[in-house]
There are 2 protein chains.
Amino acid sequence: MSRSRLQESRNLFVRRWGEMSAYWGITRTMAEIHALLFISNQPLSTDDIMTALAISRGNASMNLRSLVDWGLIERVHERGQRREFFRAIPNVWHMFETITRQRQRREVEPILETIRRCRDLVSDESARRGESAAEIRAYRERLDDMLAVLTAIGKIVDLMLRLGPNGLRRLNATLLRLVP
Amino acid sequence: MSRSRLQESRNLFVRRWGEMSAYWGITRTMAEIHALLFISNQPLSTDDIMTALAISRGNASMNLRSLVDWGLIERVHERGQRREFFRAIPNVWHMFETITRQRQRREVEPILETIRRCRDLVSDESARRGESAAEIRAYRERLDDMLAVLTAIGKIVDLMLRLGPNGLRRLNATLLRLVP
DNA sequence: GAATCGATTCAGTCAGTTTTGAACTTTCAG
DNA sequence: CTGAAAGTTCAAAACTGACTGAATCGATTC
């Protein structure tokens, strides 16, 4: 009875975490594997995972590799066992930090780079003459706005990560008093 | 000449913004339309957009509706014109705020809800007896960790949004002195 | 060194998503 | 009221990216 409740609860969690995958920028199966490992006490083998999620060996293998690459899970070699096991990083904050830093690097940096390039393309000399001078100025202003906000967000995110959960809790408490 | 540079720059921006779409949780075309409107001085008509992005009328219509629903663009009725025009919300911070709040509501809230439900499913009574008591305790602990971190992040995000860009800039400056 | 067990890879398949385009609706001018 | 211009909807087609499964590789045991 308690067994089945636990089972039900775990299934629910895995399914929902899978649905959240897009939010974290990973694929559904990847998220499900991660969820499964996260809520398991012991490391699980590839076969455990294949069975639990009803996926093929190849699929499991590829997604496990990705998760290791992302730094969200790690391989565990039980001594005297040929097959390998996997375990999720148990520290939730660390997990969040990992995901955030990777996305910042993979997804935000490139666009910052592009916006700068876009601005350079229409910088000074090209704006000097012509009826489009005002248009160019307006355009560049928008790019700068965008750049400013994205940069500010990047900084605050970085700060947040460096503060860690405790610093964050304290900061939050302090600020809530200031900004009610 | 300056014309073509501007054009090139705009195209680059639209394309890259489109590639970023997944990061913001919207579809590629939606992001491209948004980018196009964002960097245009004047409101654009559906036909302008169809031409610029080489998409069908239906596609444009659907995505424009979504963008309006998201609150990222707005319809503009030029007086004496039957056709409608669209314009992006020019305030970048506001745009960011809109996206963040929506995603918080659409994607984070549901998973918080689910985690709570998962915890309730295995609460007290079901854990009372049986060899799985320790297992259940460990499981519940993980859920609580996850809940704690997600809640903390939610709070800090909310705070960030309430502080706005100026408050954020000040906060950032202050904290950078404290946490070098 | 052959056999076995398990992990990895990747070409082909498939499911889910996006886009199209034609039918339909709405709005307005004459 | 009629016709034309614009907007919307949705079933079907096209596309994209994830998944499978068979071939391959590598490690371990006998």
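In this text the structure is predicted, and so the values were computed from the model without any measurement. Within every chain, numbering begins at 1; the chains are lettered A, B, ... in the order of the sequence lines, protein sequences first and strands thereafter.
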Legend entry - Donor-acceptor contact present, side-chain B/Glu78 to main-chain B/Phe85, <3.5 Å: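 No, because the side chain of B/Glu78 does not come within donor-acceptor range (under 3.5 Å) of the backbone of B/Phe85.
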
If you compare every side-chain N and O of [X] against the phosphate oxygens of [N] (OP1, OP2), does one of them come in below 4.0 Å?
{"X": "A/Arg65", "N": "C/dT9", "answer": "yes"}
{"X": "A/Asn63", "N": "D/dC19", "answer": "yes"}
{"X": "A/Thr29", "N": "D/dA18", "answer": "no"}

Just the rounded figure in Å: distance from [atom2] of [N] to [atom1] of [X].
{"X": "A/Ile55", "N": "C/dA15", "atom1": "CD1", "atom2": "P", "value": "17 Å"}
{"X": "A/Leu53", "N": "D/dC19", "atom1": "CG", "atom2": "P", "value": "11 Å"}
{"X": "B/Asp47", "N": "D/dA6", "atom1": "CG", "atom2": "C1'", "value": "8 Å"}
{"X": "A/Ile49", "N": "D/dT20", "atom1": "CD1", "atom2": "P", "value": "14 Å"}
{"X": "A/Glu78", "N": "D/dT28", "atom1": "CD", "atom2": "P", "value": "15 Å"}
{"X": "B/Gln81", "N": "D/dA4", "atom1": "CD", "atom2": "C1'", "value": "16 Å"}
{"X": "A/Asp48", "N": "C/dG6", "atom1": "CG", "atom2": "C1'", "value": "13 Å"}
{"X": "A/Ile26", "N": "D/dC19", "atom1": "CD1", "atom2": "C1'", "value": "17 Å"}

Inset, instruction - Summarise how protein sits on nucleotides 21-30 of chain C as a single string, 5' to 3': B when a protein heavy atom is under 4.0 Å from the base, S for sugar-phosphate-only contact, - for no contact. - result: B-----BS--

Inset, instruction - Give the nucleotide from the list C/dT18, C/dT20, C/dT9 with an atom nearest to the side chain of B/Thr27. - result: C/dT18

Legend entry - Shortest side-chain distance from A/Arg83, nucleotide among D/dG7, D/dC19, C/dA7: C/dA7

Heavy atoms under 4.0 Å, any strand shown: does [X] hit a base, just sugar-phosphate, or nothing?
{"X": "B/Ser61", "answer": "base"}
{"X": "A/Ser45", "answer": "nothing"}
{"X": "A/Leu64", "answer": "nothing"}
{"X": "B/Ala54", "answer": "sugar-phosphate"}

Legend entry - Whichever of A/Met62 and A/Glu84 has its nearest DNA chain C nucleotide further upstream toward 5':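 Closer to the 5' end of DNA chain C: A/Glu84.
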
Are any of the side-chain nitrogens in [X] or [Y] under 4.0 Å away from the carboxylate oxygens of its partner?
{"X": "B/Arg140", "Y": "B/Asp144", "value": "no"}
{"X": "A/Glu97", "Y": "A/Arg101", "value": "yes"}
{"X": "A/Arg116", "Y": "A/Glu113", "value": "yes"}
{"X": "A/Arg5", "Y": "A/Glu8", "value": "no"}

Inset, instruction - Indicate, with yes or no, if B/Ile89 and A/Met146 share a hydrophobic cluster defined by side-chain heavy-atom contacts under 4.5 Å among Ile, Leu, Val, Met, Phe, Trp and Tyr. - result: no

Legend entry - Pair B/Asp120-B/Ser123, side-chain donor/acceptor within less than 3.5 Å: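 The answer is no; no qualifying pair exists.
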
Legend entry - Side-chain touch A/Val149/A/Asp145, heavy atoms, less than 4.5 angstrom: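 A side-chain contact is absent here, since even the closest heavy-atom pair is not under 4.5 Å.
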
